[in-house]
Protein chains: 2
Amino acid sequence: MVDVARAAGVSLATVSAAINGSAPVSAELKARVQAAVAEVGYQVNAVARSLKKGSTGTIGLMITDITNPFFTNVIHSIQDAAHRRGYSVMLCCSDEDPAKERLHLQLLIDRMVDGLIIATAGHTDELHALWRSGRIPIVLIDRLIDGIDADAVIIDNAAATRDAIRHLLGLGHRRIGIITGRREISTSRERYEGYCQAMVEAGLPVDDALIAPAVRFSSQDGYGAAMKLLALPDRPTAIFASNNLSAIGLMRAIKDMGLTCPDDVSVACFDDFDWANVFHPRLTTVAQPTQAIGVQATTMLLERLKDTAGPPRVIRLKAELRVRDSSIVRTL
Amino acid sequence: MVDVARAAGVSLATVSAAINGSAPVSAELKARVQAAVAEVGYQVNAVARSLKKGSTGTIGLMITDITNPFFTNVIHSIQDAAHRRGYSVMLCCSDEDPAKERLHLQLLIDRMVDGLIIATAGHTDELHALWRSGRIPIVLIDRLIDGIDADAVIIDNAAATRDAIRHLLGLGHRRIGIITGRREISTSRERYEGYCQAMVEAGLPVDDALIAPAVRFSSQDGYGAAMKLLALPDRPTAIFASNNLSAIGLMRAIKDMGLTCPDDVSVACFDDFDWANVFHPRLTTVAQPTQAIGVQATTMLLERLKDTAGPPRVIRLKAELRVRDSSIVRTL
DNA sequence: CTGGCTGGTCTAATCGTTTCGTCATCGCGA
DNA sequence: TCGCGATGACGAAACGATTAGACCAGCCAG
């Protein structure tokens, strides 16, 4: 920039004003500066600018699993929305590990991100402290967390799961199993509650034997949980998987048990994805509005950046049940 | 930091030295500084540090499609490797659009990333200029590009495709179709070449009617290309999809045509993914070593950061054919 | 005793911007 | 002609770290 100033024969202040339009500059000098910029091949140094301005134009995005299609769709949508408004995104992935999340959180803070969108892996004092300090706006996505009363964009997990279970009940299923997720995660708990609500509503007992927890989010754990259900003396005629990873495990388990879906056991699961609609059986899924989640979260965050005031807002979006071939009327 | 200095009763230089270990500091002062850091709640300002040091400890990662499992696996591996070495990753997604890539490239440069790992969406003068300028190290992944003779980590696409086609030939297939990708992408061209090599090697003609281009990377285009092949008077008995997106389109097309895989048409495709092994038919795929790609690319880049000298190195990794149920012996 | 080295500390310059306050110039109305 | 508000340009002080270089005390070898 000093080179540009020299080449154009003007002061640094004028160059800055000409480039950013932050102060009036005569047409002539503006032209001279532009010519000089081109001549010297000047490019702004965003780091210096950030230091001076106290903001980086970057938002931190923390998610728990980058190989999960649900998250990649959300990421895509957030990046799109952010870039459109001139913000960059710094993505970190905690791998469902609170310790890793803590580490990456520190990194994002050090780097002075202007705001944070986070699907948290679980409670950490650091996130708590960060939120309490109010230093930067935070928007929670996918999961709420106790003690952090921040802006959030989530979906109505209980209602969505209830819909799915009702659908299975409507097909005549009575013994319906569920593979639940990590208990610490609000999302998992809500989905479990939705399941219970639907069962109770139908006058059915909530049988502990039909609840199979997959303690971590992984297809292995989903497989284990599914095997447990399928090995039951009177095995469920339908199984609901609380997320797409456990759905993989479930489908593999069904195959390994020598059963077929949907003839032997109907299946529905959370999270839609491209492949769900392609293979046999085409999966009945609960599709989350990933696009909307990303857009809303980004919009919310950027609004907070402008105006910190006001109580936290929680947006609850609705998910949509997509009935396909993996769930059928219970025969016999 | 000035607060820390005050609290500890030492100079700024000493605080910096104590924190970074960049100069010897007596045990006593070190302790005082540490206490002061804790007391004040000091956190480094990475932006200021970057400005002074001239490096940000961040590498730019540009990919073309974040919803593609191949890329998410690579991203995951790169982030892991980078974080392990104290680097952050700034991820940008071009959506296969060179114009977007150009934009994001500028962004990464402005932000002073120390290096760049890129799966390019196609030729842009900017990337070319950046590479020629030699200002920051660049590692190409997945795709080479004319005119940029940089470090690269790719796989042996021709060999991998040849293996897959040989496998189909070995099953007795003679009319084998292929859905090819964007011609501008080296990866697509190499896979096509591998197909040709295998056909010629088997003494078969390369029939233009069996080559169905999907001009963009999308399942829609894959679907269109597949429909064209399946509508042929003497349709192919096996089809190879050049990437996982076109594989989705292909599977959907088969279903929509009222055909079944593998009975009516055998299928193999590039890129393995979790779901490929779960549904019916379990897909025969060419699995890329995504983990290794990420690690190698990161290692290569960080080595270059230390030492710019030496000619560009191109690492070519091997992909592995995973034979499953979607490809079977041709009956009749 | 002296000169040089080393370990420990400090002061001040620097990185590349933005921006505040100052100042000259000009046009215009009184 | 004079005074005044705009307008346009500039100088210099930040932003928050790193680090070169100055300085000093203590120690050891010559």
Side-chain angles (χ1 to χ4, degrees), chain A residues 1-37 39-58 86 88 106-114 135-136, chain B residues 1-37 39-58 86 88 106-114 135-136:
Chain A
M1 188 149 141
V2 50
D3 302 333
V4 175
R6 209 181 351 248
V10 299
S11 78
L12 248 60
T14 307
V15 175
S16 176
I19 290 177
N20 302 308
S22 48
V25 174
S26 69
E28 191 217 331
L29 284 202
K30 208 176 287 186
R32 283 230 307 270
V33 168
Q34 257 148 27
V37 163
E39 184 196 330
V40 179
Y42 168 77
Q43 315 210 121
V44 288
N45 182 325
V47 174
R49 173 182 300 188
S50 298
L51 177 59
K52 184 66 197 159
K53 307 231 315 182
S55 74
T56 52
T58 303
S88 306
Q106 191 56 56
L107 212 111
L108 292 173
I109 302 304
D110 292 350
R111 295 239 144 93
M112 279 184 36
V113 293
D114 295 343
R135 290 200 298 136
I136 65 169
Chain B
M1 186 148 148
V2 51
D3 301 333
V4 175
R6 209 180 353 247
V10 300
S11 78
L12 251 60
T14 306
V15 175
S16 176
I19 292 176
N20 302 307
S22 48
V25 174
S26 68
E28 189 218 332
L29 284 202
K30 209 176 287 187
R32 283 230 306 272
V33 167
Q34 258 148 25
V37 163
E39 184 195 329
V40 178
Y42 168 78
Q43 317 210 121
V44 287
N45 182 324
V47 174
R49 174 183 298 188
S50 298
L51 177 59
K52 182 63 191 155
K53 308 234 306 185
S55 74
T56 52
T58 303
S88 307
Q106 190 58 56
L107 213 110
L108 292 172
I109 302 304
D110 291 351
R111 296 245 146 98
M112 280 184 35
V113 293
D114 295 343
R135 290 202 295 137
I136 64 170

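Below, chains carry the letters A, B, ... as their sequence lines are ordered, and counting in each starts from 1. The figures that follow rest on heavy atoms only: side chains count, while hydrogens, waters and symmetry mates do not.
- Of the inter-residue distances, the one linking A/K52 atom NZ with B/L51 atom CG reads 12.0 Å to the nearest 0.5 angstrom.
- Per the geometry, CE belonging to A/M112 stands 12 Å off P belonging to D/dC15, to the nearest Å.
- Protein atom CZ of B/R111 is 22 Å distant from nucleotide atom P of C/dC15, rounded to whole Å.
- With hydrogens and angles ignored, a donor-acceptor pair under 3.5 angstrom links the side chain of B/K52 to the base of C/dT14.
- Listed nucleotides D/dA12, C/dT9, D/dA9 differ in distance to B/T14; the shortest reach to its side chain belongs to C/dT9.
- Between A/S50 and D/dC15 there is no side-chain N or O to OP1 or OP2 distance below 4.0 Å.
- Here the P atom of nucleotide C/dT17 and the CD atom of A/Q43 are 11 Å apart, to the nearest Å.
- Regarding B/L51, its CG atom lies at a distance of 17 Å from the P atom of D/dA14, rounded to whole Å.
- The residue B/V44 sits close only to the backbone: its heavy atoms come under 4.0 Å of sugar-phosphate atoms, none of a base.
- A straight line from CD1 of B/I19 to P of D/dG16 spans 14 Å, rounded to a whole angstrom.
- Distance from the side chain of B/S16 is smallest for D/dT18 among the nucleotides C/dT18, D/dT18, C/dT11.
- Among the protein residues, A/V10 comes within range of the sugar-phosphate backbone only, with heavy atoms under 4.0 Å from sugar or phosphate atoms but none that close to a base.
- Within the 4.5 Å cutoff, no side-chain heavy atoms of B/R111 are placed close to those of B/T56.
- Comparing B/L29 and B/K53 by the nucleotide of DNA chain C that holds the closest heavy atom to each, the one mapping nearer the 5' end is B/L29.
- As a whole-Å value, the separation of B/M1 CE from D/dT19 C1' is 11 Å.
- At least one side-chain heavy atom of A/R49 sits under 4.5 Å from a side-chain heavy atom of A/N20.
- Side-chain N/O atoms of B/Y42 include one lying less than 4.0 angstrom from OP1 or OP2 on D/dA17.
- Taking the nucleotide of DNA chain D with the nearest heavy atom to each of A/P24 and A/L12, the more 5' of the two is matched to A/P24.
- To the nearest angstrom, P of C/dG16 lies 14 Å from CG of B/D110.
- Counting heavy atoms from C-beta on, the side chains of B/V25 and B/V33 never come closer than 4.5 Å.
- The shortest distance between side-chain heavy atoms of B/T58 and B/M112 does not fall below 4.5 Å.
- In this structure, A/N45 atom CG and C/dT14 atom P are separated by 18 Å, rounded to whole Å.
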